[in-house]
Amino acid sequence: MSKTIVALDFSSRQEVENFLRPFDEPIFVKIGMELTYACGLDIVPLVKDMGHHVFLDLKLHDIPNTVKGGMKNLAKLGADIVNVHAAGGIPMMEAALDGLAEGAQGKRPLCIAVTQLTSVSQEMMNNQLGISGTVIDCVKHYAQNAKAAGLDGVVCSVHEAKAIHDVCGKEFLTVTPGIRLLTDDRGDQKRVATPEYAKEQGCDYIVVGRSITKSDDPVKTYHQIEEIMEG
Ligand SMILES: O=c1ccn([C@@H]2O[C@H](COP(=O)(O)O)[C@@H](O)[C@H]2O)c(=O)[nH]1
């Protein structure tokens with residue numbers, strides 16, 4: 001499976017088809033809120049049927065019973081990875097796994113937890129969110145909770161991936177958005193890194209959206225990034 005997950009942050013099925021058409025191999029894509037809210041959940045089996053791997057990034061965060069019911073239904077779609085917010089706590093994450101086990105036809109999707117969004121800076125976390133301490137300690141703590149709940153890994157920034165592997169083990173997945181090429185604008189992202197640094201830090205997967213989707217030649221940019229990650 002490819003180590004580069006392309007965020008399909010589009011608002012129509014047509015844009016998805018236009019984007020994927022030039023790729024002559026299966027790739028790993030992320031379907032998030034923008035696309036799901038525009039096209040509905042049917043977009044997941046549609047992209048799977050084209051042969052691509054899917055990370056369904058809906059970041060569930062609610063009381064355990066609601067998350068369990070939600071995951072039971074998401075499990076039927078055939079996504080490879082689904083996720084929740086670690087801030088929902090250990091009982092909520094355990095409930096997510098129960099729902100997946102009940103709903104999956106065959107192997108359940110991997111389930112990972114978002115730690116601190118990559119759009120959150122140290123200053124924001126302390127002063128707006130009211131969480132004291134360092135981002136890295138908060139992310140490590142959330143990762144340990146996710147592991148205790150039985151999840152398969154976390155979403156974090158590249159800057160925390162090594163520390164998470166140290167405390168949670170090498171098998172515990174680190175999926176890292178906030179990827180920017182040196183010439184890119186960082187936009188709304190705060191904890192950013194290049195694919196080269198992600199590779200150096202041992203990230204299992206990187207999530208890349210605009211650097212690929214808004215590039216003049218998305219297929220070429222995708223392959224350049226994949227070469228770095230697989231090299
Ligand atoms: O902490 C997080 C969790 C999820 N994301 C998602 O990843 C992509 C990143 O897109 P870029 O265009 O490469 O910035 C996007 O779909 C986010 O919803 C994240 O960025 N940070």
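Whatever order the structure lists ligands and atoms in, that order sets their numbers, starting from 1. Residues: numbered from 1 along the sequence shown.
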For this session: Can you sort out which atoms of ligand 1 are near Gln189, meaning under 4.0 Å from one of its heavy atoms?
Result: 9 (C), 14 (O), 19 (C), 20 (O)

For this session: List every atom of ligand 1 that sits less than 4.0 Å from any heavy atom of Leu117, numbering the atoms from 1 in the order shown and giving each element.
Result: 1 (O), 2 (C), 3 (C)

Exercise. What protein heavy atom sits nearest atom 8 (C) of ligand 1, and how far off is it?
Worked result: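 The answer is Lys30 CE, 3.8 Å.
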
For this session: Could you find the nearest protein heavy atom to atom 1 (O) of ligand 1 and give me its residue, atom name and distance?
Result: Thr118 N, 2.9 Å

Exercise. With under 30° as parallel and over 60° as perpendicular, where do the rings of Phe23 and Tyr222 fit, or are they tilted in between?
Worked result: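 Answer is perpendicular, since the angle exceeds 60°.
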
For this session: Anything under 30° is parallel, anything over 60° is perpendicular, the rest tilted; go ahead and classify Phe28 against Tyr205.
Result: perpendicular

Problem set entry | Contact check, Lys59 vs ligand 1, heavy-atom distance below 4.0 Å | yes

Ionic contact status for [Y] with [X], cut-off 4.0 Å:
X	Y	value
Lys30	Asp57	yes
Asp188	Arg210	yes
Asp9	Lys214	no

Exercise. Of the options Gln201, Lys140, Arg191, which is the one that meets Glu160 in a side-chain hydrogen bond (donor to acceptor under 3.5 Å, both in side chains)?
Worked result: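 When Gln201, Lys140, Arg191 are each tested with Glu160, the side-chain hydrogen bond (donor to acceptor under 3.5 Å, both in side chains) holds only for Arg191.
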
Problem set entry | Mode of Met33 contact toward ligand 1 - side chain, backbone, both, neither (heavy atoms, under 4.0 Å) | neither

Exercise. What closest approach, in Å, do Ile225 and Thr4 show between heavy atoms, and which atom pair accounts for it?
Worked result: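 Result for this residue pair: CG2-OG1, 3.8 Å.
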
Exercise. Hey, looking at atom 19 (C) of ligand 1, which of Cys156, Gly32, Pro177 has the closest heavy atom?
Worked result: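 Nearest option to atom 19 (C) of ligand 1, by heavy atoms: Pro177.
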
For this session: Just go through Gly178, Gly209, Gly187, Ser119 and tell me whose heavy atom is the nearest to atom 13 (O) of ligand 1.
Result: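 Shortest heavy-atom distance from atom 13 (O) of ligand 1: Gly209.
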
Is the closest N or O pair between [X] and ligand 1 shorter than 3.5 Å?
X	answer
Arg210	yes
Asp9	yes
Arg180	yes

For this session: Go through His159 and Tyr197 one step at a time and tell me if the ring-ring contact (aromatic ring centres under 6.0 Å, His included) criterion holds.
Result: CA-CA 9 Å; His159 304 280; Tyr197 193 57; 5.7 Å; yes

